[in-house]
Amino acid sequence: MKIFTYNVNSVNARLPLILEWFEETQPDVCALQELKCLDEKFPYEPFERLGYNAAVHGQKTWNGVALLSKQPLIDVVRGLPGEPEDEQSRYIEAVVDGSVPVRVTSIYLPNGNPIGTDKYPYKHRWYKRLQARAKEILAFEEISVLSGDFNTIPTKSDLYRESAWLDDALYQPETRAAYQSLKNLGYSDACDLMPPEGNRYTFWDYQAGAWQKNEGIRIDHHLLSPQAADRLKSFEIHKDARGRTHDDAKPSDHVPVGVELDV
DNA sequence: ATGGCATCAAAATGATGA
């Protein structure tokens with residue numbers, strides 16, 4: 001089973017590119033982030049034509065997450081528990097209903113910039129809630145994969161130049177510690193288990209020629225429960241997606257990142 | 001040090017992103 005995460009930066013603005021990637025890659029499951037549309041504006045039909053079921057948690061203009069799966073999705077959870085007044089659509093979870101159940105998520109963790117505004121403590125409240133849910137998921141002792149855009153650069157190896165990120169919410173010591181705490185619960189970062197040769201970036205800014213200079217960062221992750229880690233067959237970053245266009249659609253600033261599990 | 005680029009939605013001297 002191939003499970004991907006892909007921050008698409010507007011599912012409708014980029015639809016031709018996304019569909020082309022789906023046809024080529026044939027993921028079994030794909031977690032999408034930054035839909036930037038309400039549920040009713042999600043392009044269900046073209047994905048159904050490719051054979052996918054969709055569970056969507058959308059939002060107008062910003063945020064919005066979805067799970068697409070060839071097999072049915074059951075037990076869908078829309079929104080991260082723990083802060084009822086949080087109206088931002090950044091979390092969806094479901095179980096892929098195959099011969100062996102696999103729990104999957106699409107996470108769009110808050111960016112947190114600029115530090116010093118409400119955005120930064122919101123990021124860390126959100127991290128605490130994610131840790132609580134991640135702990136509950138571990139207790140199920142299932143094959144579970146926490147996939148998404150964590151807006152967290154875990155280590156110095158995950159950026160092109162540390163000095164450019166020292167004042168950024170994505171690379172603060174407490175942000176990296178929060179990510180590490182998820183791993184300390186018992187999850188493994190698929191990229192650590194199967195490090196790719198060379199480049200491991202998943203995001204390149206649109207600005208200042210970051211892609212051309214390969215000034216990227218790694219912020220899109222898969223955290224595997226022990227049951228999932230035992231079944232990890234491969235880890236891949238679809239870097240070439242960053243440079244591709246289709247029918248005038250421009251690429252997202254993130255690229256798809258995938259794991260293959262022996263399921 | 002700043003802005004650079006992209007999207008949405010509104011029609012901004014904008015908001016947000018990472």
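Chain letters run A, B, ... following the sequence lines, proteins first, then strands; residues in each count from 1.
- Taking the six-membered ring where the residue is Trp, Phe47(A) and Phe42(A) present parallel rings, their angle staying beneath 30° rather than reaching 60°.
- Using a 4.0 Å heavy-atom distance criterion, Arg218(A) is classed as making no nucleic acid contact.
- Within 4.0 Å of Asp253(A), counting heavy atoms only, lies no atom of the nucleic acid at all.
- Base-pair partner of dA15(B): dT7(B) (Watson-Crick or G-U wobble, both distances under 3.5 Å).
- Nucleotide dC8(B) holds its C1' atom 14 Å from the NZ atom of Lys250(A), rounded to whole Å.
- Atom OG1 of Thr155(A) sits about 6.5 Å away from atom OH of Tyr171(A), to the nearest 0.5 Å.
- Across the P atoms, dT16(B) and dA9(B) are found 14 Å apart, a figure rounded to whole Å.
- For the side-chain hydrogen bond (donor to acceptor under 3.5 Å, both in side chains) test with Tyr127(A), the passing option among Thr152(A), Thr175(A), Asn151(A) is Thr152(A); the others fail.
- Atom name P, nucleotides dT13(B) and dG4(B): the rounded distance is 15 Å, in whole Å.
- Classified by interplanar angle (parallel below 30°, tilted 30° to 60°, perpendicular above 60°), the ring pair Tyr179(A)/Phe150(A) is perpendicular.
- Residue Asp149(A) is in sugar-phosphate contact alone, with no base atom involved, counting any heavy-atom pair closer than 4.0 Å across all strands shown.
- Comparing the P positions of dA1(B) and dA11(B) gives a spacing of 35 Å, expressed to the nearest Å.
- Contact annotation: side chain of Asn111(A) to base of dA18(B), donor-acceptor pair present below 3.5 Å.
- At the heavy-atom level, Tyr171(A) lies nowhere under 4.0 Å from the strands shown.
- Within the 4.0 angstrom heavy-atom criterion, no nucleotide atom of any strand lies near Lys41(A).
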